[in-house]
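Read through the structure below, which is laid out as structure tokens, and then see the notes.
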Amino acid sequence: MPSPDTVAALRTFVAERDWDQFHTPENLAKSISIEAGELLECFQWTPTPDPQRVEEELADVLTYCIHLANKLGVDLDEIVMRKLDQTRVKYPADRSRGTSAKYTELSDGREP
């Protein structure tokens, strides 16, 4: 998760430009999607994209995620750990290891 210094630097950057007025949850969610599309575009025609561009686009996605978490007043560590707990239940290691199958398709070890 981002360090307190990184979060503070992002907040300062936004405050210096008076951009918080534009950072509604809706606008931030849209921005995350847009930047994720730009990240995906790095891989559109090549399996070996420009590493610098990938890092820049990934940074944009993460920046907007941090801004949205701040705007919503949620703790990133807390929500990631809570989601990891939920996903751990859906994808038990003994049944999901080595497979990309959706949780609804994982075998429970019993014969059909």
Side-chain angles (χ1 to χ4, degrees):
M1 295 301 116
S3 71
D5 290 343
T6 299
V7 173
L10 288 171
R11 287 179 177 161
T12 299
F13 181 87
V14 169
E16 290 172 342
R17 289 153 182 80
D18 192 26
W19 285 353
D20 192 57
Q21 62 183 313
F22 308 115
H23 286 184
T24 64
E26 177 185 8
N27 286 346
L28 292 168
K30 289 175 185 176
S31 296
I32 291 167
S33 182
I34 291 164
E35 294 300 339
E38 291 178 10
L39 176 60
L40 183 58
E41 187 178 34
C42 293
F43 296 90
Q44 185 173 12
W45 303 115
T46 178
T48 55
D50 174 13
Q52 181 178 345
R53 182 152 178 249
V54 169
E55 287 180 15
E56 290 170 357
E57 297 303 340
L58 183 57
D60 288 342
V61 171
L62 292 170
T63 295
Y64 282 119
C65 288
I66 293 166
H67 286 316
L68 181 58
N70 180 54
K71 183 60 75 170
L72 297 175
V74 299
D75 180 280
L76 286 171
D77 289 313
E78 183 181 311
I79 64 173
V80 168
M81 295 306 292
R82 186 169 56 235
K83 182 64 176 181
L84 182 58
D85 287 342
Q86 293 169 354
T87 305
R88 188 175 284 116
V89 170
K90 287 168 70 172
Y91 292 92
D94 63 327
R95 294 197 329 240
S96 58
R97 184 175 291 110
T99 180
S100 61
K102 187 173 177 176
Y103 69 95
T104 56
E105 299 174 3
L106 292 174
S107 168
D108 63 4
R110 294 180 283 174
E111 291 294 318

Shared hydrophobic cluster, I34 / L62 (ILVMFWY, side-chain heavy atoms < 4.5 Å): no
E78 side, atom CD; M1 side, atom CE - distance, nearest 0.5 Å: 12.0 Å
Enclosure of R17 CZ (heavy-atom neighbours >12, cutoff 6.0 Å): yes
Which residues share a side-chain contact (heavy atoms from CB on, under 4.5 Å) with S3, sequence neighbours left out: D5, T6
For the student: nearest non-hydrogen atoms of L106 and R95, plus distance: CD2-O, 3.3 Å
Side chain to side chain, E57 and V61, heavy atoms closer than 4.5 Å: no
Residues which pass side-chain hydrogen bond (donor to acceptor under 3.5 Å, both in side chains) with T87, listed by chain and number, not counting sequence neighbours: none
I32 with V54, same ILVMFWY side-chain cluster at under 4.5 Å: no
Sidechain N-carboxylate O distance under 4.0 Å for D85, R82: no
Minimum heavy-atom distance R53-E38, with the two atoms named: NH2-O, 4.0 Å
Other cluster members, M81 - Ile/Leu/Val/Met/Phe/Trp/Tyr, side-chain contacts below 4.5 Å: L84
Shared hydrophobic cluster, V7 / L68 (ILVMFWY, side-chain heavy atoms < 4.5 Å): yes
Under the side-chain contact (heavy atoms from CB on, under 4.5 Å) test, residues paired with S100 that sit two or more places apart: none
Close side-chain approach of C42 to D50, heavy-atom, < 4.5 Å: no
Please output the side-chain donor-acceptor pairs of residues 18-29 that fall under 3.5 Å, not counting sequence neighbours, one pair per line with the distance.
from: D18; atom 1: OD2; to: Q21; atom 2: NE2; distance (Å): 3.2
from: D20; atom 1: OD1; to: K71; atom 2: NZ; distance (Å): 3.1
from: D20; atom 1: OD2; to: K71; atom 2: NZ; distance (Å): 3.2
from: Q21; atom 1: NE2; to: D18; atom 2: O; distance (Å): 2.9
from: T24; atom 1: OG1; to: N27; atom 2: N; distance (Å): 3.0
from: T24; atom 1: OG1; to: N27; atom 2: ND2; distance (Å): 3.4
from: E26; atom 1: OE2; to: K30; atom 2: NZ; distance (Å): 3.1
from: N27; atom 1: ND2; to: F22; atom 2: O; distance (Å): 3.0

Single-linkage hydrophobic cluster, 4.5 Å side-chain cutoff, Y64 and L72 together: yes
Single-linkage hydrophobic cluster L76~F13, side-chain heavy atoms < 4.5 angstrom: no
Pairs flagged by ring-ring contact (aromatic ring centres under 6.0 Å, His included) wherever residues 73-107 is involved - sequence neighbours left out: Y91-Y103
